[in-house]
J.: 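Sending over a structure as structure tokens; questions will come in a sec.
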Amino acid sequence: MKNPTLQELMEYLDGTLHPMRYQEIDVMVSKSSHLQKEIALLKAMQKLVRNDIAVSPSKRFVSNVMKDVVPVKEESLWLRALKNSSNLFAMVLVLSMIGIVLVSSPASSSSGSNVLTKNMESYSIAYNSAIETIASWTKQYTHPVNQAAKTTSGKFFFIGLSAFFIFIIADEFFSKRYFHPRIKN
Amino acid sequence: MKTTDNEIIRRVIDGDQRAYAELVERHKDKAMTLAMRMLKNKSEAEEALQDAFVRAYKALPSFEKKSTFATWFYRIVFNVCSSVLNKRGSNNLLSIDIENDGELKIEIPSEDDEPDIELESKEFSEIVRREISTMEESYSMILTMFFLQEMSYEEIISVTGLPLGTVKNRLFRARTQLRSAVLRHFSEMKQMVNV
């Protein structure tokens, strides 16, 4: 039996050697520690190439590909608002909070009317009466809140709450997630 | 049970475009390694791979399932990377080796010359990694296809269009180069210790 060449040893490892020669080399390898070391070295190199030396693309790779593959349709502001009615609710809540703070400010108590309508004399009568009606309803139905809003800490509380809701609305409307679809990896 | 590539392809063709993300996720790492071995530059490799995935998506309805999706897709990656190398003017991937059919007889060195190699050491991994990163593209590409992608000779031929002799020859040379680098390093270490 002639000694195996390096190429034969590699083919022996790959299992691509002719069956007869494979048997011969198998016997030689089992008897020679030198050949066993050579096989171990080749196997270790293969293992490294197979398992360790892999390169990954960047984290956003899949979403970048999907952006090219599936064109993203940008939805209109109103459609997004309708889809997220909680936003509308938050917006109404914010406006109400601001209204309460303004309406219940001490300056307005002496006039009997409210600050909003005071500065709107030049506007039409219909507009003034509408504001007055809203203000009076607000006063009537939000009396405990109204009282709380008259105190300094109450005002801070409502302003803080308003800021919080404004943040939520801004986040909902302008966040990028509406423009870029989420891809489950 | 894991969904097969062909099932995902069916879903994509039927209109579920988002299912393609699963296919990209599944093949991106191995394909990236192939692109990286060919182009030797990470940003270029990633760009080429993205291009290859977009091309594959567009060509998906024409995929005839004669081969696996992986083999078909690697062919696209190979072609895109070849174009990049052509633009660079350094494409030697498809040059056919002169001695492609001759058996390369390299004898195994005698036991006396044999250095002690710690196969599990970090040093060993480092040498192999470094050698692959500096290896000629045409060799490292075949090495990656054969070991990492676990492609058969026939699949490599189908992807690259190279003759069997050239594929075998390059694979042998790539492995010999790795082996020589390891032996050289550890022999030097042995000599240093003996001095």
Side-chain angles (χ1 to χ4, degrees), chain A residues 2-18 21 25 28-29 31-73 180-185, chain B residues 12 17-18 20-22 24-25 28-37 42-43 45-46 49-51 53-54 56-58 103-111 114 116-117 119-120 124-125 128-129 131-133 140 143-144 146-148 150 152-153 168 171-172 174-176 178-179 182-183:
Chain A
K2 81 178 173 168
N3 285 334
T5 61
L6 191 56
Q7 186 161 16
E8 280 181 321
L9 273 190
M10 288 173 185
E11 287 177 5
Y12 166 78
L13 260 183
D14 300 338
T16 54
L17 209 57
H18 189 278
R21 186 64 179 148
I25 292 177
M28 282 190 267
V29 169
K31 288 177 183 169
S32 161
S33 63
H34 179 54
L35 286 180
Q36 283 166 15
K37 278 185 182 174
E38 194 64 49
I39 293 281
L41 171 63
L42 292 173
K43 270 188 180 172
M45 290 190 320
Q46 285 181 18
K47 193 181 160 197
L48 261 180
V49 178
R50 196 167 277 156
N51 301 329
D52 295 346
I53 307 171
V55 188
S56 298
S58 61
K59 284 181 182 175
R60 292 192 57 78
F61 180 77
V62 180
S63 55
N64 287 342
V65 170
M66 291 310 288
K67 258 190 265 173
D68 282 355
V69 161
V70 187
V72 181
K73 286 176 190 168
H180 301 290
R182 286 175 182 172
I183 294 150
K184 284 181 184 173
N185 291 332
Chain B
V12 175
Q17 295 168 312
R18 301 253 162 259
Y20 191 64
E22 205 177 324
V24 176
E25 181 64 40
K28 69 179 169 53
D29 288 347
K30 285 185 177 178
M32 177 68 185
T33 310
L34 178 62
M36 186 67 187
R37 297 278 170 265
K42 195 169 182 187
S43 62
E46 190 162 328
L49 188 61
Q50 191 167 334
D51 187 13
F53 271 117
V54 175
Y57 177 82
K58 286 175 184 165
E103 192 188 2
L104 289 151
K105 298 204 180 209
I106 294 179
E107 297 300 328
I108 300 162
S110 68
E111 272 181 82
E114 194 178 79
D116 295 323
I117 304 168
L119 299 175
E120 301 294 324
F124 175 73
S125 317
V128 175
R129 277 202 185 93
E131 199 60 28
I132 289 179
S133 64
S140 58
L143 196 71
T144 306
F146 192 75
F147 288 120
L148 188 71
E150 296 180 9
S152 64
Y153 287 138
K168 277 187 171 180
L171 184 63
F172 173 67
R175 285 158 117 178
T176 309
L178 282 186
R179 179 180 164 277
V182 171
L183 290 176

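Chain letters run A, B, ... following the sequence lines, proteins first and then strands; every chain starts at 1.
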J.: I need the residue from B:K28, B:K42, B:K58 with the largest number of non-hydrogen atom pairs under 4.5 Å to chain A.
T.: B:K28

J.: Tell me, do A:V69 and B:V24 make a side-chain contact under 4.5 Å, heavy atoms counted?
T.: no

J.: Taking the side chain as every heavy atom from C-beta outward, state whether B:F147 and A:L48 have any atom pair closer than 4.5 Å.
T.: no

J.: Are side-chain heavy atoms of A:V65 and B:Y57 found at a separation under 4.5 Å?
T.: no

J.: Between the side chains of A:N64 and B:Q50, does any donor sit under 3.5 Å from an acceptor?
T.: no

J.: For residues B:D29 and A:S56, report the shortest heavy-atom separation together with the two atoms involved.
T.: OD1-OG, 3.3 Å

J.: Is B:K30 close to chain A through its backbone or its side chain, or both, or neither, when contacts mean heavy atoms under 4.5 Å?
T.: neither

J.: Can you see which heavy atom on A:S58 is nearest to which on B:E46, and at what distance?
T.: OG-OE2, 2.5 Å

J.: Check whether any side-chain heavy atom of A:M45 sits under 4.5 Å from a side-chain heavy atom of B:F124, and report yes or no.
T.: yes

J.: Return the minimal non-hydrogen interatomic distance between B:L148 and A:V49, and the atom names on each side.
T.: CD1-O, 3.6 Å

J.: Kindly compute the distance separating CZ (B:R175) from CG (A:D14), expressed to the nearest 0.5 Å.
T.: 4.0 Å

J.: Let me confirm one number: the CZ-CD distance from B:F146 to A:Q46, rounded to the nearest 0.5 Å.
T.: 7.5 Å

